[in-house]
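Position 1 is the first residue of the sequence; numbering continues from there.
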Amino acid sequence: MPAVSSSSSRALNAILPLVASGQPYEAHQKARTFASRYSKSGQYDTAIDVLFQSARELLKASQQGSGTDLTLFLLEVYESKGEVVDDESRGRLTQLIALTGSSGSWRKTIIDRSISWSARHGDCPAGDRDLHHYVGELLYKDGAFDAAEPHFLASGKRDSARLLANMMVEWSAAGGAPGIFALRGTLPYLQNGNIVGARTFISQFIAQVTSSRPNLLSPLQTSPLPVTPTSEITHTTEPVLNFCQLAVLTCQRANGEKNKVMRESWVRLCGTYQSKGGVLATKEVRATLQEIATLYFAIPPPRTRPDNPFGAMLSSMMGGGMPGGGAPPRRMLSPAMSGPSAPGLD
């Protein structure tokens with residue numbers, strides 16, 4: 001039986017033996033009763049300890065329904081207390097998420113509520129970066145690639161970008177052009193102003209995909225081509241992969257409307273690749289590239305902008321407003337935000 005703190009020992013000594021003796025329903029009810037009493041009297045830390053330890057033992061006993069219910073109650077107490085996101089408060093949730101297992105909808109319910117709490121009580125409006133990373137990695141290991149993807153993107157950490165690249169390479173091996181999967185990582189990071197994430201993602205993606213599929217390397221340039229003293233690109237036979245690498249390098253050197261050379265380079269880059277047709281010429285990707293052009297190069301959008309469901313999805317995922325609420329204010333990055341020391345990145 002786990003060790004208990006003195007303030008919660010009375011409750012836990014009554015609850016945990018019930019779990020061990022095969023009486024999960026009774027343990028669940030007692031945990032709710034004790035925690036409710038403590039919470040109402042303002043003893044939030046005691047309520048949190050009772051709920052966490054009770055939920056953990058119930059989940060270990062494969063009582064997902066009861067364990068999830070107590071975890072959600074724990075999050076309610078977090079809200080009542082105004083619990084901030086730190087290693088301890090996050091660590092309780094990651095333990096419970098791991099114990100919940102992948103069957104049914106229990107884990108997703110806990111994840112969604114945990115992310116919502118962290119968005120309100122942490123530093124990032126899209127949810128705590130470390131929590132997103134943990135969830136993304138967990139889902140990736142379970143093979144739930146589509147569910148892991150938005151968490152890696154919302155995290156924005158270098159490690160998240162690397163894992164997302166590895167996952168996208170694995171995903172592309174099951175069928176589909178690798179360029180499509182490269183876009184799914186590169187454009188959202190750029191759209192969120194995360195140059196470090198975009199650069200880390202595309203570098204890892206290119207290294208992994210060309211290692212597993214050497215036929216993607218261009219016979220005209222089999223070794224990486226230096227572009228700047230610290231940057232290089234790998235020329236491939238897949239135009240979209242080449243575009244993603246060049247797009248990140250161009251955005252990295254942007255300085256709004258002040259750097260006219262890079263503005264013109266961006267326009268030429270998009271025009272050259274979009275003239276070849278394919279995914280880069282689709283309405284959704286065009287609109288997303290236009291948003292990136294405004295963000296990095298202060299290139300104003302067209303007077304009438306087409307609907308952009310892809311961009312709306314990215315905006316919603318990254319904490320932006322939902323479509324239909326009028327034209328959003330134009331976002332532009334200052335030079336400092338696109339450098340390697342952008343805040344919030346590891």
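- Follow the hydrophobic side-chain contacts under 4.5 Å out from Phe201 and you reach Val209 in the same cluster.
- In this structure the side chain of Pro219 reaches within 4.5 angstrom of the side chain of Thr237, judged on heavy atoms.
- Cluster annotation: Leu75 is not connected to Tyr38 through the hydrophobic network of ILVMFWY side chains, with a link wherever side-chain heavy atoms come within less than 4.5 Å.
- Nearest heavy atom pair, residue Ala126 against residue Ile115, reads O-CG2, 3.9 Å.
- By the criterion of side-chain heavy atoms lying less than 4.5 angstrom apart, applied directly or through intervening Ile, Leu, Val, Met, Phe, Trp or Tyr residues, Leu16 is not grouped with Leu59; the two fall into different hydrophobic clusters.
- Residues Ile292 and Phe243 fall within the same hydrophobic cluster, defined by Ile, Leu, Val, Met, Phe, Trp and Tyr side chains chained together at heavy-atom separations under 4.5 Å.
- For the pair Pro301 and Gln290, the tightest heavy-atom approach, listed with the atom from each and the gap, is CA-NE2, 3.5 Å.
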**Request:** Might you work through the side-chain contact (heavy atoms from CB on, under 4.5 Å) test for His151 and His133, ending with a clear yes or no?
**Result:** CA-CA 6 Å; His151 292 289; His133 177 83; over 6 Å; no
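- For the pair Arg162/Met167, no side-chain contact is recorded, criterion being any heavy-atom separation below 4.5 Å from C-beta on.
- Looking at heavy atoms from C-beta onward, Leu241 lies in side-chain contact with Phe205 at the 4.5 angstrom threshold.
- Using the six-membered ring where Trp is involved, His28 and Tyr25 have ring planes that are tilted, between 30° and 60° apart.
- Atom-to-atom distance recorded for Leu187:CG and Thr288:OG1 is 6.5 Å, nearest 0.5 angstrom.
- Lys260 NZ to Phe297 CZ: the interatomic distance, rounded to the nearest 0.5 Å, is 15.0 Å.
- Every residue two or more places apart in sequence or in another chain that forms a salt bridge (charged side-chain N to carboxylate O under 4.0 Å, His left out) with Glu137 is listed here: Lys141.
- Nearest heavy-atom pair across Leu139 and Ala148 is CB-CB, 3.7 Å.
- Residues satisfying the side-chain contact (heavy atoms from CB on, under 4.5 Å) test with Ala98, not counting sequence neighbours, are Tyr134.
- Of the inter-residue distances, the one linking Met262 atom CE with Asn255 atom CG reads 10.5 Å to the nearest 0.5 angstrom.
- Looking at residues two or more places apart in sequence or on another chain, you find a side-chain contact (heavy atoms from CB on, under 4.5 Å) between Gln208 and Asn166, Val169, Gln204.
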List the atom pairs, donor and acceptor, that lie under 3.5 Å between side-chain atoms in residues 266-274 and the rest of the protein, sequence neighbours left out.
{"from": "Thr272", "atom 1": "OG1", "to": "Arg268", "atom 2": "O", "distance (Å)": "2.7"}
{"from": "Gln274", "atom 1": "OE1", "to": "Arg286", "atom 2": "NH1", "distance (Å)": "3.2"}
{"from": "Gln274", "atom 1": "NE2", "to": "Leu280", "atom 2": "O", "distance (Å)": "3.3"}

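- Between Glu26 and Lys30 there is no salt bridge, since no side-chain N of the basic residue sits under 4.0 Å from a carboxylate O of the acidic one.
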**Message:** As a quick check of understanding, evaluate salt bridge (Lys or Arg N to Asp or Glu O under 4.0 Å) for Glu149 and Arg184, giving each step before the final call.
**Reply:** CA-CA 9 Å; Glu149 179 182 7; Arg184 288 174 67 160; 2.6 Å; yes
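- Under 3.5 Å, the side chains of Asp49 and Thr46 contain no donor-acceptor pair of N or O atoms.
- Take Phe145 and apply the ring pair (Phe, Tyr, Trp, His ring centres under 6.0 Å) test, not counting sequence neighbours, and it matches Tyr140, Trp171.
- Pairing each heavy atom of Ala298 with each of Glu257, the nearest pair is CB-N, 3.7 Å.
- In this structure the side chain of Ser8 never reaches within 4.5 angstrom of the side chain of Phe34, judged on heavy atoms.
- Listed by chain and number, the residues in a salt bridge (charged side-chain N to carboxylate O under 4.0 Å, His left out) with Lys81 are Asp45, Glu83 (sequence neighbours excluded).
- Closest approach of Tyr296 to Tyr189, counting heavy atoms only: OH-O, 4.4 Å.
- Contacts of Glu79 classified as salt bridge (charged side-chain N to carboxylate O under 4.0 Å, His left out), with partners at least two apart in sequence or in another chain: Arg120.
- A side-chain N or O of Ser21 and one of Gln23 form a donor-acceptor pair less than 3.5 Å apart.
- Although no hydrogens or angles enter the test, the distance criterion places a donor-acceptor pair under 3.5 Å between the side chain of Thr250 and the main chain of Leu246.
- Using a 4.5 Å heavy-atom cutoff, the side chains of Ser114 and Leu131 are in contact.
- In this structure the side chain of Ser172 reaches within 4.5 angstrom of the side chain of Arg213, judged on heavy atoms.
- Contact check for Asp128 versus His121: no side-chain heavy atoms found under the 4.5 Å cut-off.
- Taking each heavy atom of Ala147 and Pro150 in turn, the nearest pair found is O-CD, 3.4 Å.
- The ring pair (Phe, Tyr, Trp, His ring centres under 6.0 Å) analysis of residues 70-101, with sequence neighbours excluded, yields the pairs Tyr78-Trp117.
- Applying the 6.0 Å contact sphere to CD of Gln29 captures more than 12 heavy atoms from other residues, nucleotides or ligands.
- Taken to the nearest 0.5 Å, the OG1 atom of Thr210 stands 10.5 Å off from the CG atom of Asn215.
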**Prompt:** Does the pair Glu76 and Ser39 meet the rule for a side-chain contact (heavy atoms from CB on, under 4.5 Å), with working shown?
**Reply:** CA-CA 10 Å; Glu76 290 178 16; Ser39 181; over 6 Å; no
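- Applying the side chain to side chain donor-acceptor pair (under 3.5 Å) criterion to Glu264, with sequence neighbours excluded, gives no partner residue.
- The CD atom of Glu291 sits 13.5 Å away from atom CD1 of Ile299, with the distance rounded to the nearest 0.5 Å.
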**Message:** Between Ile233 and Ile206, does the side-chain contact (heavy atoms from CB on, under 4.5 Å) criterion hold? Intermediate values first, please.
**Reply:** CA-CA 9 Å; Ile233 67 166; Ile206 293 294; over 6 Å; no
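- Contacts of Ser80 classified as side-chain contact (heavy atoms from CB on, under 4.5 Å), with partners at least two apart in sequence or in another chain: Tyr44.
- The closest side-chain heavy-atom distance from Gln95 to Phe52 is below 4.5 Å.
- With hydrogens and angles ignored, the 3.5 Å screen pairs no side-chain donor or acceptor of Thr186 with any backbone N or O of Leu183.
- Rounding to the nearest 0.5 angstrom, the gap separating the CD atom in Gln63 from the OG atom in Ser54 is 13.0 Å.
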**Item:** Stepwise side-chain contact (heavy atoms from CB on, under 4.5 Å) check, Ile97 with Leu138
**Value:** CA-CA 9 Å; Ile97 289 169; Leu138 181 69; 3.6 Å; yes
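- Judged by distance alone, with hydrogens and angles left aside, the side-chain atoms of Asn242 form no donor-acceptor pair with the main-chain N or O of His235 at under 3.5 Å.
- The residues Lys108 and Asp112 are annotated as salt-bridged, a charged nitrogen and a carboxylate oxygen being separated by less than 4.0 angstrom.
- Using a distance-only test at 3.5 Å, with no hydrogens or angles considered, no donor-acceptor pair links the side chain of Arg129 to the main chain of Asp123.
- Judged as a salt bridge (charged side-chain N to carboxylate O under 4.0 Å, His left out), and not counting sequence neighbours, the contacts of Arg32 are Asp69.
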Let me check something: any side-chain donor-acceptor pairs from residues 100-107 under 3.5 Å, sequence neighbours excluded? List them with distances.
{"from": "Thr100", "atom 1": "OG1", "to": "Leu96", "atom 2": "O", "distance (Å)": "2.6"}
{"from": "Arg107", "atom 1": "NH1", "to": "Asp142", "atom 2": "OD2", "distance (Å)": "2.9"}
{"from": "Arg107", "atom 1": "NH2", "to": "Asp142", "atom 2": "OD2", "distance (Å)": "2.8"}

